[in-house]
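Inspection log for the structure reproduced underneath, given as structure tokens.
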Amino acid sequence: MPDLFVHNIGLLATPLMADRQRTERFVLERRNAAILVREGRIVEIGPERELESRMPADCPRFNADGCLATPGLIDCHTHPVFTGNRADEFHMRNAGRSYQEIAVAGGGIQATARKVRAAAVDQIVKESLPRFDRSLAAGVTTIEAKSGYGLDWDGEAKLLRALELISLQTPQRMHKTFLIHAVPEAMEGQRERFLDEVAAEMIPRVAELKLASAADVFCEQGAFSVDESRRMLRAALDHGLQVAVHANQFGHSGGALLAAELGARSADHLEYLNDQEITALAKANVCAVMLPASVFFLGTLPYPPARKLIEQGARVAIATDMNPGSAMTESMPFCMTAAAIYAKMNPAELLWAVTLDAAAALRADSDVGSLEAGKAADICLWRAPDLNSLSYHLGDFRAFTVIIGGELAWEDRDATARY
């Protein structure tokens with residue numbers, strides 16, 4: 001892996017590992033900076049003139065063209081492998097039907113699961129891979145990817161195999177999660193048997209075959225209860241998997257408190273949170289993952305109380321929740337804009353939420369999430385004058401350049417500058 005000297009950076013903005021315990025989210029900003037990369041990792045960051053004077057003449061150079069440089073973005077909650085779409089449900093909700101009503105009528109997760117069961121792995125890869133490409137173009141260098149639309153073992157194994165194939169075709173760093181989303185239609189009325197299969201058969205096989213590094217459960221009314229979720233997540237912990245919880249999306253489901261009880265790496269959604277739940281998450285150091293695109297897309301839910309979470313000292317991350325039913329987007333910049341408007345997060349908090357705190361949600365913050373010596377050289381360059389502008393432009397805001405591990409992963413030389 002060659003060395004690289006990234007120069008002519010207009011402004012470099014990054015969180016720092018040393019500030020992780022501070023409630024105030026400080027961002028280091030350096031103008032006219034440069035980055036020296038060796039063997040895929042950052043060796044030094046400093047003033048360009050100073051670093052330039054020590055650069056070997058044969059060191060490859062990359063001209064940042066005066067761009068804003070940030071750490072690569074980290075999308076720590078996505079459902080990117082599926083076939084078909086659920087555009088009809090989007091318009092049904094807009095006409096007044098709720099997410100839960102559509103699910104009870106046979107739509108929702110079960111509708112996507114039927115399409116997955118009918119599709120070959122190659123078809124799933126073909127339809128899903130472009131989502132990773134669009135995510136990369138939006139600046140995402142590390143992505144968490146869940147299964148969850150297979151439901152039974154055959155379907156889930158198919159999706160996890162598809163993710164493995166996609167991981168060989170995308171430069172993004174991928175964290176795979178086995179998601180227990182719902183009871184399969186074929187096992188309706190056999191709920192206890194399904195729970196037994198998940199805990200005693202499916203989770204051990206996922207761990208043994210190394211198909212995923214984490215397990216997640218949809219702890220919500222209409223999905224799984226707290227006791228059911230605890231049973232499956234404890235089995236995951238027993239088999240060496242990290243755990244996360246889909247929690248408190250449609251009400252106070254108990255999922256947030258369960259995440260705190262188990263020391264989960266994250267609790268995700270969190271549209272409904274009271275003071276007790278916020279305190280529990282903060283004390284247990286469970287990352288609160290907000291999914292503002294989902295709230296925006298569904299149109300009927302409150303946004304998570306980001307200000308209270310931050311003030312209580314909880315880590316707050318932002319992710320796309322990319323999925324066919326409630327957040328059909330790959331755009332992290334859009335999610336930052338939504339969190340700025342509706343969750344009242346400031347630019348520094350937003351950057352932390354899509355970089356270092358998002359890395360913490362995947363327990364990967366020792367390797368990615370900030371531009372510091374020793375970290376992986378995952379760098380995003382944006383045609384924007386400052387950090388405020390990164391969440392200011394609503395809609396399609398793509399990166400100018402994405403570097404992963406010191407190698408060029410995406411480049412849009414025709415990108416229009418934003419002022």
Pairs satisfying salt bridge (Lys or Arg N to Asp or Glu O under 4.0 Å), at least one member in [range], at least two apart:
range	result
residues 128-139	Arg134-Glu330
residues 198-220	Lys146-Asp216
residues 236-257	none
residues 267-290	Asp275-Lys308

Can you find a heavy atom in the side chain of [X] that is under 4.5 Å from one in the side chain of [Y]?
X	Y	result
Thr329	Phe297	no
Leu350	Val354	no
Leu387	Leu351	yes
Asp19	Gln21	no
Ser135	Ile143	yes
Thr355	Leu73	yes
Phe62	Ile35	no
Cys76	Val289	yes

So which atom in [X] and which in [Y] form the shortest heavy-atom distance, rounded to 0.1 Å?
X	Y	value
Thr177	Arg265	OG1-NH2, 3.2 Å
Val243	Ala236	CG1-CB, 3.8 Å
Leu136	Ala409	CD2-O, 3.5 Å
Gln242	Leu362	OE1-O, 3.8 Å
Ala343	Arg307	O-CG, 3.9 Å
Pro204	Ala199	CD-O, 3.5 Å

- With sequence neighbours excluded, what pairs up with Asn323 under the side chain to side chain contact (heavy atoms under 4.5 Å, CB included) test?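 Counting only residues at least two positions away or on another chain, Asn323 forms a side chain to side chain contact (heavy atoms under 4.5 Å, CB included) with His79, Tyr149, Asp321, Ser326, Ala327.
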
- Message: Holding to side chain to side chain contact (heavy atoms under 4.5 Å, CB included), I want the full list of residues that pass it with Ala103, two or more places apart in sequence or in another chain.
- Response: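 If we apply the side chain to side chain contact (heavy atoms under 4.5 Å, CB included) test to Ala103, skipping adjacent residues, there are no hits.
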
- Message: Does atom CZ (Arg54) have a neighbourhood of more than 12 heavy atoms from anything else shown, all under 6.0 Å?
- Response: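 Counting other residues, nucleotides and ligands, CZ of Arg54 exceeds 12 neighbours.
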
Quick one: pull up [atom1] in [X] and [atom2] in [Y] and give me the separation to the nearest 0.5 Å.
X	Y	atom1	atom2	value
Leu356	Arg20	CG	CZ	7.0 Å
Ser128	Leu165	OG	CG	11.0 Å
His252	Leu270	NE2	CG	11.0 Å
Leu151	Glu185	CG	CD	8.5 Å
Leu160	Leu211	CG	CG	5.5 Å
Ser266	Asn285	OG	CG	11.5 Å

- Query: Quick one: ring pair (Phe, Tyr, Trp, His ring centres under 6.0 Å) partners of Trp382, sequence neighbours excluded?
  - Reply: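 Testing Trp382 for ring pair (Phe, Tyr, Trp, His ring centres under 6.0 Å), a comparison that skips the adjacent residues, returns Phe397.
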
- Message: My understanding is that only residues two or more places apart in sequence, or in another chain, count here; which of them pass ring pair (Phe, Tyr, Trp, His ring centres under 6.0 Å) with Tyr342?
- Response: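 Counting only residues at least two positions away or on another chain, Tyr342 forms a ring pair (Phe, Tyr, Trp, His ring centres under 6.0 Å) with Tyr303.
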
- Query: After noting the C-alpha distance and the side-chain angles of Glu349 and Val316, does the key distance pass the side-chain contact (heavy atoms from CB on, under 4.5 Å) rule?
  - Reply: CA-CA 8 Å; Glu349 292 164 347; Val316 174; over 6 Å; no

Is the backbone N or O of [Y] less than 3.5 Å from a side-chain atom of [X], with the two atoms forming a donor-acceptor pair by type?
X	Y	value
Lys158	Val116	yes
Thr401	Glu411	no
Glu372	Leu16	no
Arg25	Arg22	yes
Gln110	Val183	yes
Thr337	Ser391	yes
Glu156	Gly148	yes
Thr279	Gln276	no
Arg31	Glu29	no
Arg398	Asp412	no

- Taking only residues two or more places apart in sequence or in another chain, which ones pass salt bridge (charged side-chain N to carboxylate O under 4.0 Å, His left out) with Glu261?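 With neighbours one apart ignored, the set is Arg230, Arg234.
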
- Item | Worked verdict on Ile102 versus Phe90 for side-chain contact (heavy atoms from CB on, under 4.5 Å) | CA-CA 10 Å; Ile102 292 168; Phe90 171 68; over 6 Å; no

- Take Gln123 and Thr83 through the test side-chain hydrogen bond (donor to acceptor under 3.5 Å, both in side chains) and record every step on the way to the result. CA-CA 8 Å; Gln123 181 64 27; Thr83 59; over 6 Å; no

Distance-only criterion, 3.5 Å: show the donor-acceptor pairs between side-chain atoms of residues 5-13 and protein atoms not counting sequence neighbours.
| unit_1 | atom_1 | unit_2 | atom_2 | d |
| --- | --- | --- | --- | --- |
| Asn8 | ND2 | Asn63 | OD1 | 2.9 |

- Query: Which residue pairs satisfy the ring pair (Phe, Tyr, Trp, His ring centres under 6.0 Å) criterion with at least one member in residues 307-334, sequence neighbours excluded?
  - Reply: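 Passing the test, one end in residues 307-334: Phe296-Phe334.
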
- Query: Hey, mind stepping through Met92 and Arg86 against side-chain contact (heavy atoms from CB on, under 4.5 Å) and telling me if it holds?
  - Reply: CA-CA 10 Å; Met92 289 165 67; Arg86 299 201 331 244; over 6 Å; no

- Task: Run the numbers on Met332 and Thr320 for side-chain contact (heavy atoms from CB on, under 4.5 Å), then give the verdict.
- Result: CA-CA 6 Å; Met332 285 288 277; Thr320 63; 3.5 Å; yes

- Message: Any salt bridge linking Asp65 with Arg383? Criterion: basic side-chain nitrogen under 4.0 Å from a carboxylate oxygen.
- Response: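 Yes.
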
- Message: Applying side-chain hydrogen bond (donor to acceptor under 3.5 Å, both in side chains), can you list everything that pairs with Arg30, at least two apart in sequence or on another chain?
- Response: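 Partners of Arg30 by the side-chain hydrogen bond (donor to acceptor under 3.5 Å, both in side chains) criterion come out as none, since no residue qualifies.
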
